[in-house]
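In this chain, residues are counted from 1 in sequence order.
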Amino acid sequence: MVSRVIPVDDFDLVIFGATGDLARRKILPGLFRRYLAEQIPADARIIGAARTRQSDAEFRTETAAAIHEFMGAPVDKARLAEFLDHLCYVAVDARGADGWPELADKMRPGLVHAFYFSVAPALFGDIAERLVSHKIADDDSRVVVEKPFGRDLATARALNATLARYFHESQIYRIDHYLGKETVQNLMAVRFANILFEPLWNAQYVDHVQITVAETVGVGGRGEYYDHSGAIRDMVQNHMMQLLCLIAMEPPYHFDPDAVRDEKLKVIRALEPLGAGDIVRGQYAAGPDGPGYLDDAENQDLRTESFVALKVNVANWRWTGTPFYLRTGKRLRARTSEIVVTFKEPPHSIFDEAVPRPNQLVIKLQPNEGMHLTVMIKEPGPGGMRLVQVPLDMSFADALGKDGAEMPDAYERLIMDVIRGNQTLFMRGDEVEAAWAWTDPIIQEWEAGPARPEPYDPGSSGPEEALRLLHRDNRRWREIRA
Ligand code: BG6
């Protein structure tokens, strides 16, 4: 099966913060991969913009180095050289006057104009104001902004208000890179392009849902950001919430940006405030393979959580009575992200020898993307009716062949959606605010109290207390394994 490349129009894409970490790790290598896939049109131009003074040639050399470092595959030098021809650079002062007229001169009329704000949110307003006052951006331009989109409801509202002074909502692309992951989009395909699951997709048939995003890395090197964030702000308010929305939402009337986002918003608004004892926070301790969180963060007093587990209820007709258990953490046993939908047991067993076990649909987001559904069958051989649970397996790599195995990086997909003008996989302003409105009280209550996160061993599944969160409901987490 050959993946199709849908051509995009010619564009000028300006990357503010082009010398920063995100641009080097994700944006520029992602664009190069799209170039290799023949999706970047011959006339497209990528304009790096940052404070550093450097020439086009220096920016191209830097970009080549970043691509060699972060592509994760051998780089075809001739193709890279062609790609670099699409790049140029302007030094701009986000808070001053330098560079803006030069940037204005570079923009070519009649093309798609996109501006990627890969900079601290404190600069969004300054850059937006200059783009408009220098007539670099107009009503057709698109702006792309990254997380963290605020650190609470008030700051998110302020950022939305700042952007709204210069751009319409239809021009603003708020990235949550989880929405760009192939398997996350597959959630919608599985749910809404098959008849099989949807009739069972409710509290009558689903016992509970688990969403796990486990990482093996610690926070070493990004302590300064992470200390002021913690797992709830860093992962739950955005990525985990988006996964929850895609699992829980009603079918949108069409696969259209606002129809999808309206349905996601309804899920966020239906989230009940957390009950007492429905959240567990953890912090990794030092272990034989490395330092603990407090050493990584270089501050022994910190109460920042590097792990969190929550029991969440979606209070609506479809889901009341079916809990959603979410957990995410650093330095856990394996890097794995998965969603497990556990169905209820059959109402009555006709077999004396064995009780059927509940069916589970496991959707593996990374690594080894795929799905499996556990079903009960008869154990082969004579000697009565013995039941065993087996998986009906579908690894996307096996099912779709080589092209299926090559999952594009989330950023590649999302940047091309910006150029196409498709906002379906981007968060709308009201969605982000609703997510903060639900998370704010959880964070405030914690910050007002004296409690410390529970320590957990690196390489484990998190603190013991997280296991008890499910045990007390007579359930258990699926084991964390790659
Ligand atoms: C980022 C978080 O948004 O997502 C990181 O800030 C986290 O802390 C990362 O490691 C996880 O993304 P992925 O794509 O590696 O699962």
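- Rounded to the nearest 0.5 angstrom, Leu200 CG and Asn359 CG are separated by 9.0 Å.
- In this structure, CG in Leu28 is found 7.0 Å from CD1 in Ile46, a value given to the nearest 0.5 Å.
- Counting all heavy atoms, side chain and backbone alike, Leu469 lies closest to Trp477 at CD2-CZ2, 4.5 Å.
- Classified by interplanar angle (parallel below 30°, tilted 30° to 60°, perpendicular above 60°), the ring pair Phe197/Trp201 is perpendicular.
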Open item on the list: Run the side-chain contact (heavy atoms from CB on, under 4.5 Å) test on Leu392 and His372 for me, step by step, so that the C-alpha distance in whole Å, both residues' side-chain angles and the decisive distance to 0.1 Å come before the verdict.
Closed with: CA-CA 5 Å; Leu392 285 180; His372 71 252; 5.8 Å; no
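- Remark: Lys181 qualifies as a cation-pi partner of Tyr178 under the 6.0 Å distance and 45° angle criteria applied to the six-membered ring.
- Looking at Asp417 and Arg413, a side-chain N of the basic residue comes within less than 4.0 Å of a carboxylate O on the acidic one, giving a salt bridge.
- Thr162 places a side-chain heavy atom less than 4.5 Å from the side chain of Arg165.
- Between Arg468 and Glu465 there is a salt bridge, since at least one side-chain N of the basic residue sits less than 4.0 Å from a carboxylate O of the acidic one.
- Using modelled atom types, no side-chain atom of Asn313 and backbone atom of Glu272 make a donor-acceptor pair closer than 3.5 Å.
- Between atom CD1 of residue Ile27 and atom OG of residue Ser118 there is a gap of 4.0 Å, rounded to the nearest 0.5 Å.
- Of all non-hydrogen atoms in Ala94 and Ile127, the two that sit nearest each other are CB-CG1, 3.9 Å.
- No hydrogens or angles considered: nothing links the side chains of Gln237 and Thr439 as a donor-acceptor pair under 3.5 Å.
- Sequence neighbours left out, the pairs with a member in residues 414-434 that pass ring pair (Phe, Tyr, Trp, His ring centres under 6.0 Å) are Tyr173-Phe426.
- Taking both residues in full, the closest heavy atoms of Val119 and Phe124 are given as O-CE1, 3.6 Å, listed atom of the first, atom of the second, then distance.
- Using a distance-only test at 3.5 Å, with no hydrogens or angles considered, no donor-acceptor pair links the side chain of Thr320 to the main chain of Trp317.
- A salt bridge links Arg318 with Glu250; the closest basic N to acidic carboxylate O contact falls under 4.0 Å.
- A salt bridge between Glu263 and Arg269 is absent, with no side-chain N of the basic residue lying under 4.0 Å from a carboxylate O of the acidic one.
- In summary, Arg191 and Glu198 engage in a salt bridge, as defined by a charged side-chain N under 4.0 Å from a carboxylate O.
- With hydrogens and angles ignored, the 3.5 Å screen pairs no side-chain donor or acceptor of Arg327 with any backbone N or O of Val280.
- Remark: the backbone N or O of Tyr225 is not paired with any side-chain donor or acceptor of Ser229 at under 3.5 angstrom.
- In this structure, Arg142 contributes its side chain and Ala114 its backbone to no donor-acceptor pair below 3.5 Å.
- Using a distance-only test at 3.5 Å, with no hydrogens or angles considered, no donor-acceptor pair links the side chain of Ser337 to the main chain of Leu365.
- Asn186 and Thr183 share no donor-acceptor pair across their side chains, judged by distance under 3.5 Å alone.
- Contact record, Arg478 with Val340: CD-CG2, 3.5 Å, taken as the closest heavy-atom pair.
- Proximity of the aromatic rings of Phe343 and Tyr205 is defined here by a centroid distance below 6.0 angstrom, and this criterion is not met.
- No hydrogens or angles considered: a donor-acceptor pair under 3.5 Å links the side chains of Gln242 and Glu431.
- For Lys147 and Asp234, the salt-bridge test passes: some basic side-chain N is under 4.0 Å from an acidic carboxylate O.
- One distance of note links CG of Leu326 with CE of Met241; it measures 8.5 Å at 0.5 Å rounding.
- A donor-acceptor pair under 3.5 Å is absent between the side-chain atoms of Gln360 and the main chain of Val341, judged by distance alone.
- Between the side chain of Asn238 and the main chain of Arg233, a donor-acceptor pair closer than 3.5 Å is present.
- The existence of a salt bridge linking Arg281 and Glu454 is excluded, since no basic side-chain nitrogen approaches an acidic carboxylate oxygen closer than 4.0 Å.
- Partner of Tyr325 under the side-chain hydrogen bond (donor to acceptor under 3.5 Å, both in side chains) criterion, chosen from Asp473, Thr212, Thr342: Asp473.
- Looking at Asp296 and Tyr226, their side chains never bring a donor and an acceptor atom within 3.5 Å of each other.
- Between Asn422 and Pro257 there is a side-chain heavy-atom pair separated by less than 4.5 Å.
- One distance of note links NZ of Lys26 with CG of Leu31; it measures 13.0 Å at 0.5 Å rounding.
- Under the 4.5 Å side-chain criterion, counting only non-hydrogen atoms from C-beta, Leu131 is in contact with Phe115.
- One finds a salt bridge joining Glu169 and Arg174 here, because a Lys/Arg side-chain nitrogen approaches an Asp/Glu carboxylate oxygen to under 4.0 Å.
- Ser306 and Tyr456 are linked by a side-chain donor-acceptor pair at a separation below 3.5 angstrom, with hydrogens and angles left out of the test.
- Under 4.0 Å is where a charged nitrogen must lie from a carboxylate oxygen, and between Lys364 and Glu369 no such pair does.
- When all heavy atoms are compared, the tightest approach of Lys311 to Leu274 is O-CD2, 3.3 Å.
- For Arg472, the CZ atom counts as densely surrounded, since its 6.0 Å shell holds more than 12 non-hydrogen atoms of other residues, nucleotides or ligands.
- Between Thr304 and Gly230 the shortest heavy-atom distance is CG2-CA, 3.4 Å.
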TODO: Just do the side-chain contact (heavy atoms from CB on, under 4.5 Å) check on Val213 and His239 with the steps written out, would you?
DONE: CA-CA 9 Å; Val213 177; His239 309 323; 6.0 Å; no
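- At a threshold of 4.5 Å between non-hydrogen side-chain atoms, the residues Arg33 and Asp409 count as touching.
- Judged by distance alone, with hydrogens and angles left aside, the side-chain atoms of Asn316 form a donor-acceptor pair with the main-chain N or O of Trp319 at under 3.5 Å.
- The pair Asp126-Arg95 meets the salt-bridge criterion, since a charged nitrogen lies less than 4.0 angstrom from a carboxylate oxygen.
- Between Trp436 and Phe149, a ring centre-to-centre spacing not shorter than 6.0 Å is recorded.
- Looking at Arg357 and Gln389, their side chains do bring a donor and an acceptor atom within 3.5 Å of each other.
- The pair Asp21-Arg24 does not meet the salt-bridge criterion, since no charged nitrogen lies less than 4.0 angstrom from a carboxylate oxygen.
- Using a 30° and 60° split on the angle between ring planes, Tyr284 and Tyr293 fall in the perpendicular class, above 60°.
- Inspection of the Asn160 and Arg428 side chains reveals no N or O donor paired with an N or O acceptor under 3.5 Å.
- Using a 4.5 Å heavy-atom threshold, the side chains of Leu244 and Ile247 count as separate.
- Inter-residue side-chain proximity for Pro463 and Phe307 is flagged as met; some heavy-atom pair is nearer than 4.5 Å.
- Looking only at side-chain heavy atoms (C-beta outward), Pro358 and Lys344 stay at 4.5 Å or farther from each other.
- Between Arg261 and Asp256, none of the side-chain N atoms (NZ, or NE/NH1/NH2) sits under 4.0 Å from a carboxylate O, so this pair counts as no salt bridge.
- A salt bridge does not link Arg335 with Glu215: none of the charged nitrogens is closer than 4.0 Å to a carboxylate oxygen.
- Heavy atoms of other residues, nucleotides or ligands lying less than 6.0 angstrom from CD of Glu445 number 12 at most.
- Side chains of Leu246 and Met188 form a contact here, defined as non-hydrogen atoms less than 4.5 Å apart.
- Residue Leu87 holds its CG atom at 5.0 Å from OG1 of Thr63, rounded to the nearest 0.5 Å.
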